[in-house]
Novice: 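Here's a structure for you.
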Amino acid sequence: MTKQITFTLSATDGMARRGRIDTPRGDIQTPAFMPVGTLGTVKAMYPEEVRETGADILLGNTYHLMLRPGAERVAKLGGLHVFMDWPRPILTDSGGFQVMSLSKLRKITEKGVTFRSHLDGSPYELSPERSIEIQTLLDSDIIMQLDECIPLPSEQKEMERAMELSLRWADRSKTAFNNQLNRALFGIVQGGDDAQLRARSAAGLRSIGFDGYAVGGLAVGEPQEVMFRVLSEITPELPTDRPRYLMGVGKPDDILGAIERGIDMFDCVHPTRAGRHGHAYTRFGVINLKNARHKDDPRPLDEASPNPNCRRFSRAYLHHLVKTEEILGAMILSQINLSYYQELVAGARAAIEGARFEDFSASTRAGWTAGDL
Ligand SMILES: CO[C@@H]1O[C@H](CNc2nc3cc4c(=O)[nH]c(N)nc4cc3[nH]2)[C@H]2OC(C)(C)O[C@@H]12
């Protein structure tokens with residue numbers, strides 16, 4: 001019996017990679033950006049609109065979905081794809097990161113993590129085995145091991161402890177996963193900002209063997225140069241024939257720098273969250289539509305954009321929607337920002353194929369003028 005989820009690397013340009021992940025629910029072109037659909041929805045967008053922005057896959061969250069509506073309930077209703085009417089691939093995070101960033105009274109033991117819901121304080125337990133069970137109940141296509149993500153900077157001893165615990169949990173996750181052929185299981189590299197710890201984590205994960213390798217423990221507030229240094233050190237330690245996923249990243253500049261350093265997959269709440277806060281991503285950079293200087297500006301955001309929403313609405317109208325907190329403002333700007341992110345990674349894919357990624361990066365960055373526009 002062969003694995004139904006496979007990765008094919010089709011071109012490289014320096015460390016940058018162009019590839020494709022084939023899954024039973026559809027192909028994922030890489031480098032890929034995955035919109036975040038935490039509670040079974042990419043906020044303020046219909047699933048078909050998310051697809052139209054160019055997304056091949058979206059992200060769900062074990063922590064949030066186990067609290068509401070509950071994994072067993074989603075399974076009874078046919079799984080997450082049926083529940084949210086998104087027929088394409090879904091990747092789910094394992095819950096560890098969200099427990100640490102959102103829940104209350106959490107306690108980490110060898111067995112797993114116990115915590116109280118941030119919603120009503122009810123008690124929960126998440127172990128490597130239960131996380132795999134929940135992600136399988138959700139019928140997710142790419143599932144993540146349970147791990148412990150610690151803040152940066154942290155003491156060396158603390159980074160080592162969390163990395164070693166995450167490796168033991170990786171082994172238990174792999175056992176609980178039981179080699180399901182129609183689903184992929186990714187390991188998560190930890191180790192803080194220490195090259196040796198990161199290398200030990202990567203080596204440990206490779207000896208267990210995973211369908212893909214995520215770089216965790218980043219995008220936790222560290223400076224960009226720290227993230228880039230860790231990436232430059234760790235991607236050479238990862239298998240070339242498996243996808244690499246940088247969790248929680250990021251802004252366009254972060255994504256270009258991470259692709260340059262060998263990363264294939266990204267997810268971030270930023271484009272949708274920024275959209276709900278009135279910020280529009282364009283090829284000129286970020287436009288803060290809350291700013292009063294837009295109130296009489298009849299120009300569209302970008303009349304040369306391939307996205308009709310960047311051509312049909314004036315800046316004055318978008319400013320009005322944002323100031324009045326009209327729902328349509330969040331809808332339009334979420335769609336505009338996700339479309340920009342997909343244009344960015346589609347451009348990167350074409351540039352890598354044409355061995356011109358460095359020029360693509362430089363010209364993309366040159367288009368972003370500093371500060372508000
Ligand atoms: C920049 O956006 C804020 O920062 C978070 C994204 N940064 C991030 N780094 C991550 C690391 C890990 C990890 O090590 N392991 C597992 N399993 N999952 C992870 C998920 C992660 N996401 C967003 O998450 C919130 C919503 C808290 O704020 C956003």
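Just so you know, ligand 1 is whichever comes first in the structure, and atom 1 is the first atom listed for that ligand. Residue numbers start at 1 and run along the sequence shown. In this text the structure is predicted, and so the values were computed from the model without any measurement.
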Novice: Quiz question for you: does at least one protein heavy atom lie closer than 4.0 Å to atom 19 (C) of ligand 1?
Specialist: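 Yes, at least one protein heavy atom sits under 4.0 Å from atom 19 (C) of ligand 1.
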Novice: With heavy-atom distances below 4.5 Å as the criterion, would you say the side chains of I132 and E129 are in contact?
Specialist: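 Counting from C-beta outward, I132 and E129 never come under 4.5 Å.
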Novice: Give the residue and atom name of whichever protein heavy atom lies nearest to atom 7 (N) of ligand 1, and the separation in Å to one decimal.
Specialist: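 Protein heavy atom with the smallest distance to atom 7 (N) of ligand 1: A219 O, 2.9 Å.
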Novice: With a 6.0 Å cut-off on ring centres, are F33 and F266 close enough?
Specialist: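 No, the ring centres sit 6.0 Å or more apart.
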Novice: What pairs with R18 under side chain to side chain donor-acceptor pair (under 3.5 Å), at least two apart in sequence or on another chain?
Specialist: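 Scan of R18 (side chain to side chain donor-acceptor pair (under 3.5 Å), adjacent residues dropped) gives Q29, E353.
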Novice: Looking only at distances, can you tell me whether any N or O atom of L218, backbone or side chain, sits closer than 3.5 Å to an N or O atom of ligand 1?
Specialist: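 N/O-N/O distance under 3.5 Å: yes.
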Novice: Specify whether F210 and Y213 have parallel, tilted or perpendicular ring planes, treating 30° as the upper limit for parallel and 60° as the lower limit for perpendicular.
Specialist: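 Plane angle over 60°, so perpendicular.
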Novice: Quick check on contacts: which atoms of ligand 1 are under 4.0 angstrom from a heavy atom of I188?
Specialist: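 It comes down to these atoms of ligand 1: 17 (N).
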Novice: Could you check which of Y63, Y245, F97 puts a non-hydrogen atom nearest to atom 25 (C) of ligand 1?
Specialist: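 It is F97 whose heavy atom sits nearest to atom 25 (C) of ligand 1.
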Novice: Hey, mind stepping through S305 and N307 against side-chain hydrogen bond (donor to acceptor under 3.5 Å, both in side chains) and telling me if it holds?
Specialist: CA-CA 5 Å; S305 168; N307 181 358; 5.2 Å; no
Novice: Would you tell me whether N337 and H270 have side-chain atoms, one donor and one acceptor, within less than 3.5 Å of each other?
Specialist: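 On atom types as modelled, these side chains do not qualify, holding no pair under 3.5 Å.
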Novice: Among all protein heavy atoms, pick the one closest to atom 26 (C) of ligand 1 and tell me residue, atom and distance.
Specialist: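 Nearest neighbour among protein heavy atoms for atom 26 (C) of ligand 1, to 0.1 Å: R273 NH2, 3.5 Å.
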Novice: Please determine whether any non-hydrogen atom of M247 lies less than 4.0 Å from an atom of ligand 1.
Specialist: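 Contact present.
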Novice: Hey, are the side chains of M45 and M331 touching, using non-hydrogen atoms and a 4.5 Å cut-off?
Specialist: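 Contact flag for M45/M331 side chains = no.
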Novice: What is the ring orientation for F115 with Y63, classed by angle as parallel under 30°, tilted 30 to 60°, or perpendicular over 60°?
Specialist: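 Answer is tilted, since the angle falls between 30° and 60°.
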Novice: G217 versus ligand 1: do any nitrogen or oxygen atoms come within less than 3.5 Å of each other?
Specialist: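 Yes, since at least one N or O of G217 sits under 3.5 Å from an N or O of ligand 1.
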Novice: Would S94 and S131 count as having a side-chain donor-acceptor pair, cut-off 3.5 Å?
Specialist: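 No.
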Novice: Identify, by atom number and element, the atoms of ligand 1 in contact range of S94, meaning under 4.0 Å from any of its heavy atoms.
Specialist: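 Counting atoms of ligand 1 from 1, those under 4.0 Å from S94 are 17 (N).
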Novice: Pairs of nitrogen or oxygen atoms closer than 3.5 Å, one from S101 and one from ligand 1: do any exist?
Specialist: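 S101 vs ligand 1: no N/O contact under 3.5 Å.
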Novice: At what distance is the nearest protein heavy atom to atom 3 (C) of ligand 1, and which residue and atom is it?
Specialist: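 Going by distance alone, atom 3 (C) of ligand 1 is nearest to V269 CG2, 4.7 Å.
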Novice: Using a 4.0 Å cutoff against the non-hydrogen atoms of G216, which atoms of ligand 1 qualify?
Specialist: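 Counting atoms of ligand 1 from 1, those under 4.0 Å from G216 are 13 (C), 14 (O).
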Novice: Starting from atom 1 (C) of ligand 1, what is the nearest protein heavy atom, named by residue and atom, and what distance separates them?
Specialist: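 Looking only at protein heavy atoms, the one closest to atom 1 (C) of ligand 1 is G248 O, 4.2 Å.
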Novice: Give me the nearest non-hydrogen protein atom to atom 15 (N) of ligand 1 as residue plus atom name, then the distance to 0.1 Å.
Specialist: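 Minimum-distance protein heavy atom for atom 15 (N) of ligand 1 reads D147 OD2, 2.7 Å.
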Novice: For ligand 1, which part of Q190 has a heavy atom less than 4.0 Å away: the side chain, the backbone, both, or neither?
Specialist: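 Side chain only; the backbone of Q190 stays clear of ligand 1.
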Novice: List in chain and number order the residues that pass side chain to side chain donor-acceptor pair (under 3.5 Å) with R229, two or more places apart in sequence or in another chain; answer none if no residue qualifies.
Specialist: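 For R229 the side chain to side chain donor-acceptor pair (under 3.5 Å) partners, ignoring immediate neighbours, are E233.
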